[in-house]
Amino acid sequence: MNLHTNLTKHIKEAVSQNYGATLETIEFQATRKDFEGDVTVVIFSMLRTVKGNPVQIGETIGAYLVEHVAEVSKYNVVKGFLNVVLSDAYYLDFFRSIQDFGTYGRVPPGKDAMMVEYASPNTNKPLHLGHVRNVLLGYSVAEILKASGKKVYKTQIINDRGIHICKSMLAWQRFGNGETPESSGLKGDTLVGKYYVRFDKEYKAEINKLIEKGTPEKEAKAKAPILIEAQEMLRKWEAGDPEVVALWKKMNGWVYDGFDATYENIGVDFDKNYYESDTYLLGKDFIETGLKKGVFEKDPDGSVWCDLTDEGLDRKIVLRSDGTAVYMTQDIGTAIQRVKDFPDVKGMIYTVGNEQDYHFKVLFLILKKLGFSWAENLYHLSYGMVDLPSGKMKSREGTVVDADDLIEDMVTTAKEISEELGKIDDFSEKEKNQLYKTIGLGALKYYILKVDPKKRILFNPEESVDFQGNTGPFIQYTYARIQSILRKAAENATQDQEEEAIQLHPKEKELIKIVQQFPETVQLAASNYSPALVANYTYDLVKEFNSFYQNVPIFGAENPTEIGFRVALCDAVGNVIKTAFSLLGIHVPDRM
RNA sequence: GGUCGCAUAGCUCAGCUGGAUAGAGCACCUGCCUUCUAAGCAGGCGGUCCCAGGUUCGAAUCCUGGUGCGAUCACCA
């Protein structure tokens, strides 16, 4: 029986025997560090049903628990709090009950699947810091869901068509002189992004020229010849013009090569890609269904709307008067398509920035109204923008932190610190580079994931990401320390000796307590879609471990039984760190 | 203007369903490497938890109102 249920049962008994009252629920919390105890029972909340002095009640219950519950060894009462001390045996039993440290905290996947969408880039420019947050969040949430017992499909929808791509295409056609990734040595996505910026430059110049000639600004923006030409190119694409389509395929191909390299570098993957060019017409078919069901209504001009005013929202257009689809139409169609492709999918998670909160609120509502069962399990994993001290990042103006550059910087910093410390001088070049990457990426990923997704992040490229304190490298470092202990233990392995009784050191007890919380932390992180909970948990564990490490001798313990236990504890902590970090997409090194 | 989100130490962030004296890291100051990796440990300094009301035995947490910042409210994506 679970400890809390057991305690609950006996507390109820104590109260009914001594006060003749029946408690509905009992409130437990972890005992604060400043008091002796492991579990605290809040007496205050009982006072409505149990009449009496809280201290007195606490004493009565405490005495009863010591007498009737084997795991309870002592108690003390402070004001309305009953602090219960659990026996060492309870913690040791729990620790020994962990069958396999390697899988501890994970639940095997069940039947129901979730689809997690993340990344979803436009193909006119390389990935930047904003995408990095998106990708890290989406990947991590997918991994957390898997660990919590769900089957998961990771997906992205690649926005490979539209006016933005045509802008890059046009600028390349006009100014590129046939430049290719091979000829320029540039990554494909970087190359295409270069022409997107070039387009904007030309466009702005044309606007200024028009304004100088006396054209009003608004009109100038709409009538700049280069924009008109890009729009014409989009029309040709939609009409299937062979030349335009060929150029589109060529340049998108470059971009995909670039994206693949970046994804691999970051260490994220997808089970299925969707392309907007395949899906942008989906959804139109469901307009008719929606109209029949009365979910949608048609205006006299032929446009179709969904009236959400009863839900406190506005009317939303789902089909233009000329019969063409809007973004919403596409998203409706794509969602339906995904469930067709993966029939076991019972819900979907969309990792998209918070500027689209309203869009997803509407989308989910419409899908519910259309009556899909899975529409009940849709979640918009909304996250705050990543801003620079100078303000918002703008691809067009080139004021972005490029993902590849950022990773390279982090790896370089890791290298500098490692070389300065000189602990891995015996590593081969290959091993060193591998380690720098592990640490650099670890620093970046942890830095981003430890923050609550809802909050916006201010990223200052001038101040480098920390490698000390509450950081990825600190946690990786602790893992490496543990591996060092395990290596030493393996060398000094002794044969079985007589078992001696173990008395837990307070730090050992604390560590076991935190280890014990890991499975529930994974579940909590899954139900909240929050990698930050995993990150913060890991930090707490590691902080406690380092305190243990530096204050309690391991190989200098009293007897072999104790040494064995402490080594096993290190092993357990190491495994939890490894698993937790894998949920964040972060690797851990054996040495650093 | 309507709607949504955020506001905690100089800076970056925790704070679970309301609970004890609000916690970490960075920065600053003091100690600790002939003993398991000092990317560490032990300690110090640092707070009107945006403001004002309310609910409660008890509020950073819940409710109402306000302030500030951000987002959004297109036959754009």
Side-chain angles (χ1 to χ4, degrees), chain A residues 27 29-35 40 42-45 47-48 54 78-81 83 122 159 161-164 276 280 299 301-305 312-314 316-328 330-331 353-359 361-362 382 384-385 387 392 414 417-418 420-421 423-424 439 443 447 450-452 454-458 460 463 465-478 480-489 492 520-521 524 528 532-533 535-536 539-540 542-543 546-556 566-567 570 591-592:
Chain A
E27 213 184 312
Q29 54 186 265
T31 305
R32 285 182 64 104
K33 278 263 168 61
D34 335 295
F35 301 95
T40 293
V42 182
I43 304 296
F44 284 121
S45 54
L47 295 178
R48 280 193 186 80
V78 182
K79 295 194 228 169
F81 300 96
N83 300 319
N122 291 350
N159 301 304
R161 51 138 248 133
I163 189 71
H164 45 286
E276 197 193 345
Y280 82 110
D299 271 15
D301 64 2
S303 58
V304 180
W305 299 74
L313 305 174
D314 298 326
K316 185 77 193 174
I317 191 157
V318 291
L319 201 66
R320 294 191 187 103
S321 52
D322 64 4
T324 54
V326 292
Y327 193 35
M328 189 61 74
Q330 215 183 108
D331 273 1
N354 65 8
E355 75 271 18
Q356 293 197 34
D357 284 355
Y358 184 77
H359 173 78
K361 205 181 218 176
V362 172
S382 165
M385 295 290 101
D387 291 325
K392 235 183 153 170
I417 296 174
S418 288
E420 200 178 323
L421 294 171
K423 295 181 185 179
I424 51 152
I439 298 172
Y447 178 83
K450 75 170 179 183
V451 181
D452 183 338
K454 279 199 300 274
K455 295 194 174 170
R456 62 189 273 265
I457 291 182
L458 188 77
N460 189 345
E463 298 167 18
V465 172
D466 271 322
F467 281 66
Q468 284 174 355
N470 187 358
T471 67
F474 166 55
I475 292 166
Q476 291 171 321
Y477 174 70
T478 306
R481 270 181 154 179
I482 290 172
Q483 300 318 302
S484 176
I485 289 169
L486 297 179
R487 281 191 297 270
K488 184 167 176 178
N492 303 3
E520 58 200 76
T521 302
L524 194 66
N528 287 298
L533 294 177
N536 287 315
Y539 178 65
D540 289 341
V542 161
K543 201 166 160 41
N546 275 295
S547 178
F548 160 77
Y549 176 87
Q550 220 127 28
N551 290 291
V552 181
I554 292 167
F555 295 108
R566 285 180 185 166
V567 169
C570 289
R591 282 180 57 193
M592 72 184 269

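Throughout, a chain's letter reflects where its sequence line sits, starting with A, and its residues are numbered from 1.
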**OP:** With heavy atoms under 4.0 Å as the rule, sort A/Phe474 into base, sugar-phosphate or nothing.
**Re:** sugar-phosphate
Subject >> From NZ (A/Lys392) to CE (A/Met385), nearest 0.5 Å >> reply: 6.5 Å
**OP:** Assign A/Asp452 to base, sugar-phosphate, or nothing according to its heavy-atom contacts below 4.0 angstrom with the strands shown.
**Re:** sugar-phosphate
Original post:
To the nearest angstrom, how far is A/Gln550 atom CD from B/rA38 atom P?
Top reply: 6 Å
Original post:
A/Tyr477 side chain N/O closer than 4.0 Å to the phosphate oxygens (OP1, OP2) of B/rA39?
Top reply: yes
Original post:
Reckon A/Val567 touches a base, only the sugar-phosphate, or nothing at all at heavy-atom distances under 4.0 Å?
Top reply: nothing
Original post:
Quick one: is B/rA42 close enough that its OP1 or OP2 comes under 4.0 Å of any side-chain N or O from A/Ser547?
Top reply: yes
Original post:
With a non-hydrogen cut-off below 4.0 angstrom, is A/Ser45 in contact with a base, only sugar-phosphate, or nothing?
Top reply: base
Subject >> Between P of B/rU35 and CZ of A/Phe555, the distance in whole Å >> reply: 15 Å
Subject >> Per A/Arg32 side chain, nearest of listed nucleotides B/rC13, B/rG23, B/rA39 >> reply: B/rG23
Subject >> Per A/Asn551 side chain, nearest of listed nucleotides B/rC36, B/rC41, B/rA77 >> reply: B/rC41
Subject >> A/Tyr549 OH to B/rU35 P, straight-line distance once rounded to whole Å >> reply: 11 Å
I'd like a table of atom pairs between the protein and nucleotides 27-32 of chain B - only N or O on both sides, under 3.5 Å - with the distance next to each one.
none

Original post:
Are side-chain heavy atoms of A/Leu524 and A/Thr521 found at a separation under 4.5 Å?
Top reply: no
Subject >> Candidate nucleotides B/rA39, B/rA14, B/rU37, ranked by approach to the side chain of A/Met592 - the nearest >> reply: B/rA39
Original post:
Under 4.0 angstrom, heavy atoms only, what part of the nucleic acid is A/Ile554 near: base, sugar-phosphate, or nothing?
Top reply: base
**OP:** Taking only the side-chain heavy atoms of A/Glu355 (C-beta and beyond), determine which of B/rA77, B/rA20, B/rU72 contains the nearest atom.
**Re:** B/rU72
**OP:** Measure from NZ on A/Lys392 to C1' on B/rC69 and round the result to the nearest Å.
**Re:** 14 Å
Original post:
Does a donor on one side chain sit under 3.5 Å from an acceptor on the other, for A/His359 and A/Asp331?
Top reply: yes
Original post:
So what does the secondary structure string of RNA chain B come out as, 5' to 3', with Watson-Crick or wobble pairs under 3.5 angstrom, [ ] for crossing and | for pairs with another strand?
Top reply: (((((((..((((.....[...)))).(((((.......))))).....(((((..]....))))))))))))....
Subject >> Rounded interatomic separation in angstrom, taking NZ from A/Lys361 and P from B/rU3 >> reply: 11 Å
**OP:** Would you mind telling me which of A/Ile475, A/Thr478, A/Asn551 makes a side-chain contact (heavy atoms from CB on, under 4.5 Å) with A/Asn546?
**Re:** A/Thr478
Original post:
Base, sugar-phosphate, or nothing: which does A/Phe467 touch, judged by heavy atoms less than 4.0 Å apart?
Top reply: base
Original post:
What is the nucleic acid contact for A/Ser484, judged by heavy atoms within less than 4.0 Å: base, sugar-phosphate only, or nothing?
Top reply: base
Subject >> Sugar-phosphate only, base, or nothing, as touched by A/Leu524 at under 4.0 Å among non-hydrogen atoms >> reply: nothing
Subject >> Short side-chain N/O contact from A/Lys454 to OP1 or OP2 of B/rC6, under 4.0 Å >> reply: yes
Original post:
Can you name the residues that form a ring pair (Phe, Tyr, Trp, His ring centres under 6.0 Å) with A/Phe555, not counting sequence neighbours?
Top reply: none
Original post:
From the list B/rU37, B/rA39, B/rA20, which nucleotide is the closest neighbour of the side chain of A/Ile439?
Top reply: B/rA39
Original post:
Which part of the nucleic acid does A/Glu27 contact within heavy-atom distance under 4.0 Å: base, sugar-phosphate only, or nothing?
Top reply: base
**OP:** Just compare B/rC41, B/rA39, B/rU37 and give me whichever is closest to any side-chain atom of A/Asn546.
**Re:** B/rC41
Original post:
What's the base orientation of B/rC33: syn (chi within 90° of 0) or anti?
Top reply: syn
Original post:
Within the side chain of A/Arg566, is there an N or O that forms a donor-acceptor pair under 3.5 Å with the backbone of A/Pro553?
Top reply: yes
Subject >> Spacing of A/Asp299 atom CG and A/Leu319 atom CG [to the nearest 0.5 Å] >> reply: 11.5 Å
Original post:
RNA chain B: A/Asp34 or A/Leu421, which has the more 5' nearest nucleotide?
Top reply: A/Asp34
Subject >> Distance test, side-chain N/O of A/Lys455 to OP1/OP2 of B/rA7, below 4.0 Å >> reply: yes
**OP:** Counting heavy atoms from C-beta on, name the nucleotide in B/rC73, B/rC26, B/rC41 closest to the side chain of A/Asp466.
**Re:** B/rC26
**OP:** Would you mind telling me which of B/rU37, B/rC6, B/rC41 lies closest to the side-chain atoms of A/Lys543?
**Re:** B/rC41
Subject >> Distance below 4.0 Å between A/Lys79 side-chain N/O and B/rU21 OP1 or OP2 >> reply: yes
Original post:
Should A/Asp322 and A/Arg320 count as an ion pair when the cut-off is N to O under 4.0 Å?
Top reply: no
Original post:
From B/rC36, B/rG25, B/rA38, pick the nucleotide closest to the side chain of A/Tyr539?
Top reply: B/rG25
**OP:** Mind calculating the distance between CG (A/Asp314) and P (B/rG2) to the nearest angstrom?
**Re:** 14 Å
Original post:
Across the strands shown, which category fits A/Asn460 at heavy-atom distances under 4.0 angstrom: base, sugar-phosphate, nothing?
Top reply: nothing
Original post:
Between B/rG19, B/rC57, B/rA42, which nucleotide has the shortest distance from any of its atoms to the side chain of A/Arg48?
Top reply: B/rC57
Subject >> A/Leu458 CG - B/rC6 P separation (whole Å) >> reply: 18 Å
**OP:** Establish whether the base of B/rA39 is bridged to the side chain of A/Thr478 by a donor-acceptor pair shorter than 3.5 Å.
**Re:** no
**OP:** Take atom NZ of A/Lys450 and atom P of B/rG25, then tell me their distance rounded to the nearest Å.
**Re:** 11 Å
Original post:
For B/rA77, does OP1 or OP2 lie under 4.0 Å from any side-chain N or O of A/Arg320?
Top reply: yes
Original post:
Are the side chain of A/Lys450 and the backbone N or O of A/Asn470 linked by a donor-acceptor pair below 3.5 Å?
Top reply: yes
Original post:
Looking for any heavy atom pair under 4.0 Å, which part of the strands does A/Lys423 touch: base, sugar-phosphate only, or nothing?
Top reply: base
Original post:
What does A/Thr471 touch in the nucleic acid at a heavy-atom separation under 4.0 angstrom: a base, only the sugar-phosphate, or nothing?
Top reply: nothing
